[in-house]
Amino acid sequence: MSIDMTKVWAHRGASAYAPENTIPAFQMAMEMGADGLELDVHESSDGKLMVIHDERIDRTSNGTGRVVDMTCQQLKKLDFSNGMPGYKDVRIPTLREVYGLIKDSRMTVNVEIKCDVVIYPGIWDKVISLEREMGMQGRIIYSSFNHYVLQKVRELDPDAEIGLLYANAMVDPWVYAKYLNANAIHPNYRAALLCPSLMEGCVKNGVAVNPWTVNEAKDVMALAAKGANAVITNCPDVALRALGR
Ligand code: G3P
Ligand code: CA
């Protein structure tokens with residue numbers, strides 16, 4: 001596989017330059033020419049799919065509290081510019097709004113379903129319903145550190161793309177991926193670079209590898225040379241340049 005086959009997915013949008021998981025960060029990634037977005041989803045108290053990384057809003061907004069305890073309307077009143085120079089009054093997006101933004105492009109979206117600390121029963125139904133309602137079939141890759149959630153997604157939609165997120169080192173991860181009928185693994189990039197035969201084993205067994213968070217050109221190039229399907233990066237411009245695009 002030549003290195004220009006590797007796709008570039010903007011981690012929480014172009015989050016090195018704009019407030020993470022917000023429309024300006026997604027817009028910037030699109031303008032830079034990224035192939036896709038990675039984003040994180042939680043549920044508000046009124047059951048809306050909210051795009052935000054943490055269970056709490058404290059780190060990235062001027063408010064305090066848990067996403068699950070606030071309505072979408074309450075969350076929308078807060079500023080999520082997260083201290084980024086040049087930004088103010090940036091609102092938290094819903095997943096529906098992000099799909100609206102990129103619908104007419106060719107971008108894919110890696111939706112990370114956050115069920116690590118707070119569990120959102122039925123969130124799997126909601127993401128699949130929204131994908132269908134908005135005509136996004138074939139453009140979404142679901143990932144989660146909670147693999148039970150991905151099993152639910154797989155049960156609901158045999159055609160859904162699922163990627164198993166993990167942080168440390170797993171032996172022969174393609175065996176586990178096949179067992180769960182997953183399309184991809186999403187390892188920490190150091191695991192992808194350092195674990196013996198990880199890339200070779202996955203490529204040989206038809207399991208895509210989408211490592212995160214790859215911010216340095218040398219790592220982007222090394223992973224692309226080993227056959228990574230996509231790199232998930234805070235700096236889409238750096239990754240695109242490293243791949244000669
Ligand atoms: O999906 C890759 C990466 O985003 C997983 O970790 O904590 O940044 O959501 P985190
Ligand atoms: Ca994530």
Side-chain angles (χ1 to χ4, degrees), residues 6-23 25-26 29 34-43 49-61 66-68 80 82 84 92-95 98-99 102 107-120 123-124 127 139-150 153 160-170 173 177 180 182-193 195 198 202 207-216 219-220 223 228-236 238-239:
T6 299
K7 294 179 274 296
V8 173
W9 296 348
H11 183 242
R12 311 180 195 175
S15 58
Y17 315 109
E20 66 176 56
N21 277 323
T22 67
I23 295 294
F26 299 136
D35 304 292
L37 304 173
E38 187 271 354
L39 52 77
D40 307 284
V41 172
H42 291 262
E43 266 189 55
L49 297 169
M50 308 304 300
V51 177
I52 178 169
H53 180 270
D54 301 357
E55 283 72 25
R56 297 186 64 85
I57 61 171
D58 304 44
R59 180 179 61 86
T60 54
S61 82
R66 296 191 311 167
V67 178
V68 72
F80 282 80
N82 193 15
M84 276 280 184
I92 186 174
T94 60
L95 187 58
V98 179
Y99 287 174
I102 58 110
M107 286 181 115
T108 55
V109 187
N110 172 197
V111 174
E112 182 186 341
I113 304 171
K114 286 289 188 193
C115 274
D116 306 327
V117 180
V118 178
I119 306 294
Y120 305 101
I123 194 169
W124 35 90
V127 291
R139 293 177 61 186
I140 313 296
I141 300 98
Y142 297 101
S143 65
S144 185
F145 285 105
N146 184 334
H147 300 172
Y148 290 100
V149 168
L150 297 175
V153 171
E161 293 242 348
I162 60 174
L164 306 172
L165 255 173
Y166 66 98
N168 298 319
M170 195 185 278
L180 287 184
N183 309 81
I185 59 164
H186 290 207
N188 179 298
Y189 81 95
R190 290 184 197 89
L193 283 173
C195 290
L198 182 149
C202 286
V207 173
V209 183
N210 303 319
W212 52 278
T213 306
V214 197
N215 293 330
E216 292 198 26
D219 297 322
V220 171
L223 289 160
N229 172 64
V231 288
I232 302 175
T233 177
N234 295 342
C235 317
V238 171

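Counting starts at 1 for both ligands and their atoms, in listed order. Any value given below was found using the heavy atoms of this structure, including those in side chains, with hydrogens, waters and symmetry copies removed. Because the structure is predicted, anything quoted here is derived from the model rather than measured.
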Could you tell me, atom by atom, which parts of ligand 1 come under 4.0 Å of a heavy atom of His53? 7 (O), 8 (O), 9 (O), 10 (P)

Nearest heavy atoms of Asn210 and Pro187, plus distance in Å: O-CD, 3.9 Å

Nearest neighbour in protein (non-hydrogen) for atom 4 (O) of ligand 1: His11 NE2, 2.7 Å

May I ask you to identify, for Thr213, whether its side chain, its backbone, both or neither come under 4.0 Å of ligand 1 on a heavy-atom basis? neither

May I ask you to decide if Val109's main-chain N or O and Arg139's side chain share a donor-acceptor pair within less than 3.5 Å? no

Considering the heavy atoms of Asp40, write down every atom of ligand 1 situated less than 4.0 Å from one of them. 9 (O)

Ranked by distance from atom 2 (C) of ligand 1, the top protein heavy atom is Trp212 CG, 3.4 Å

Of all the N, O or S atoms in Asp40, the one nearest to the Ca ion (ligand 2) is OD1

Note: ligand 1 atoms sitting under 4.0 Å from heavy atoms of Leu165 are 1 (O), 2 (C), 5 (C)

Side-chain donor or acceptor of Thr94 paired with backbone N/O of Leu49 under 3.5 Å: no

Exam field: side chain Glu112 to backbone Ser144, donor-acceptor pair closer than 3.5 Å: no

From Leu39 atom CG to Ile113 atom CD1, the distance as rounded to the nearest 0.5 Å: 10.5 Å

Considering only the protein, which heavy-atom contact is closest to atom 8 (O) of ligand 1, and what is its distance? Arg12 NH2, 2.7 Å

So, of the N/O/S atoms that Glu38 has, which is the nearest one to the Ca ion (ligand 2)? OE2

of all protein heavy atoms, closest to atom 5 (C) of ligand 1 is Glu112 OE1, 3.5 Å

Per the side chain to side chain donor-acceptor pair (under 3.5 Å) rule, which among His11, Glu20, Arg12, Glu38 passes with Asn234? His11

For Phe145, counting its heavy atoms only, list the atoms of ligand 1 lying under 4.0 Å from any of them. 5 (C), 6 (O)

Kindly identify the option in His186, Lys114, Glu20, Glu38 whose heavy atom sits closest to atom 1 (O) of ligand 1. Glu38

Please give the atom name: the N, O or S atom of Glu112 nearest to the Ca ion (ligand 2). OE1

Do the rings of Trp9 and His186 sit parallel, tilted or perpendicular, given the 30° and 60° boundaries? tilted

Strictly distance-based, threshold 3.5 Å: is any side-chain N or O of Asn188 a donor or acceptor partner for the main-chain N or O of Arg190? yes

Is there a donor-acceptor pair closer than 3.5 Å between any side-chain N or O of Asn146 and the backbone N or O of Cys115? yes

